[in-house]
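Reviewing the structure listed below.
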Amino acid sequence: MPNALVAAAAEGLPSINRRQVLHSLAASSAAAAALVAAIPAEPAEHPDADLFWLDQEMAEAEAQMHRANKACCRVGRKADMLYPPQPAGWVEPRMPDDLHEMTGGMLVRDLAFPEKQPAPLRDFHRSREEQLAAHRALQEAFLDKVNEINREAGVDVAEAAYSARSAEFCKVGDRILAMPANTLEGIVVKLRAADRIGAKNDALISIAADIRRLAGEAA
């Protein structure tokens with residue numbers, strides 16, 4: 001049976017020998033390598049990429065905190081309209097002049113002992129304590145009613161949600177300040193986080209450590 005070269009010649013086709021095949025494969029491989037080399041490599045990740053991610057996370061946490069605060073305001077306004085009138089503040093009863101004179105005539109060490117005081121003075125102090133107790137009872141009843149209204153309106157739940165969102169927001173800020181910065185952009189992220197959570201002193205300590213570390217790396 002004729003081989004491939006003989007068959008090709010018999011059909012009038014140009015013959016291809018092994019050396020030509022190998023040369024063609026080599027050229028194809030070189031072209032493929034050149035094509036791969038021409039494809040641009042992916043850019044290197046920024047040295048402070050983690051800080052940038054945390055900066056975005058903090059922005060989202062801040063937005064959630066603001067939404068929780070708005071919810072608190074809404075339910076708070078609803079509850080305010082249901083509160084009963086607040087009792088008047090405590091007003092100390094005025095001691096009559098004659099009782100002042102009785103007090104002035106007593107020994108200082110006897111003032112702390114009601115049994116050693118004149119009867120009119122004892123009556124005045126007893127009346128004062130009764131008035132104070134009644135005032136405290138009114139205040140406690142008012143606060144109990146306010147607490148009940150707050151629970152029914154959802155104020156307690158809204159405030160708890162706001163506290164949780166605030167804690168998460170501050171926690172992200174703490175994570176930012178605890179992470180080393182490698183560029184000026186990273187340091188700016190730290191400054192922004194410190195402004196948001198009111199931790200400028202912590203930011204100065206963190207950034208000072210970054211500067212010392214970067215200076216040491218550059219030396």
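The first residue of the sequence shown is numbered 1, and numbering continues consecutively from there.
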Could you verify whether a donor N or O on one side chain and an acceptor N or O on the other, from [X] and [Y], lie under 3.5 Å apart?
X	Y	answer
Gln56	Glu60	no
Asp156	Asn150	no
Ser163	Glu159	no
Asn69	Arg165	no

Check whether any side-chain heavy atom of [X] lies under 4.5 Å from a side-chain heavy atom of [Y], and answer yes or no.
X	Y	result
Trp90	Glu92	yes
Ile211	Ile207	yes
Glu57	Ile176	no
Met95	His125	yes
Pro96	Phe124	yes

What is the minimum heavy-atom distance between [X] and [Y], and which atoms define it?
X	Y	answer
Ala61	Phe169	CB-CA, 3.9 Å
Val75	Ala158	CG2-CB, 3.7 Å
Gly173	Met58	CA-CE, 3.7 Å
Ile149	Ala79	CG2-O, 3.9 Å
Cys72	Tyr162	SG-CB, 3.8 Å
Ala203	Ala194	CB-CB, 3.3 Å

To the nearest 0.5 Å, what is the distance between [atom1] ([X]) and [atom2] ([Y])?
X	Y	atom1	atom2	answer
Glu148	Leu82	CD	CG	10.5 Å
Phe52	Glu185	CZ	CD	5.5 Å
Arg67	Glu62	CZ	CD	11.0 Å
Leu51	Asp55	CG	CG	8.5 Å

Determine whether Val189 and Asp48 satisfy the following criterion, side-chain contact (heavy atoms from CB on, under 4.5 Å), listing intermediate values before the conclusion. CA-CA 9 Å; Val189 170; Asp48 285 327; over 6 Å; no
Crowded around Arg122 CZ? As in, over 12 foreign heavy atoms under 6.0 Å?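 Counting neighbours around CZ of Arg122, more than 12 heavy atoms of other residues, nucleotides or ligands fall under 6.0 Å, so yes.
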Take atom CH2 of Trp53 as the centre, draw a 6.0 Å sphere, and report whether it contains more than 12 heavy atoms from other residues, nucleotides or ligands.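 12 or below, so no.
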Derivation and outcome, side-chain contact (heavy atoms from CB on, under 4.5 Å), residues Arg175 and Met179: CA-CA 6 Å; Arg175 289 170 60 195; Met179 181 173 292; over 6 Å; no
For Asp123 and Arg126: C-alpha separation, side-chain torsions, deciding distance, then whether side-chain contact (heavy atoms from CB on, under 4.5 Å) applies. CA-CA 5 Å; Asp123 292 342; Arg126 182 172 58 253; 2.4 Å; yes
Apply the side-chain hydrogen bond (donor to acceptor under 3.5 Å, both in side chains) test between Ser127 and each candidate in Glu130, Glu129, Gln131; give the one that qualifies.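 For Ser127, the side-chain hydrogen bond (donor to acceptor under 3.5 Å, both in side chains) test succeeds with only one of Glu130, Glu129, Gln131, which is Gln131.
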Given salt bridge (Lys or Arg N to Asp or Glu O under 4.0 Å), test Asp210 with Arg213 step by step and report yes or no. CA-CA 5 Å; Asp210 291 332; Arg213 176 174 48 79; 3.0 Å; yes
Look at the side-chain heavy atoms of Ile, Leu, Val, Met, Phe, Trp and Tyr, link any pair under 4.5 Å apart, and say whether Ile197 and Leu54 land in one connected group.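 Hydrophobic grouping puts Ile197 with Leu54.
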Between [X] (side chain) and [Y] (backbone), is there a donor-acceptor pair under 3.5 Å?
X	Y	value
Ser206	Leu177	yes
Lys190	Leu204	no
Asn147	Leu143	yes

May I have the step-by-step check of side-chain contact (heavy atoms from CB on, under 4.5 Å) for Met65 and Lys70, ending in yes or no? CA-CA 9 Å; Met65 182 180 67; Lys70 289 181 179 179; over 6 Å; no
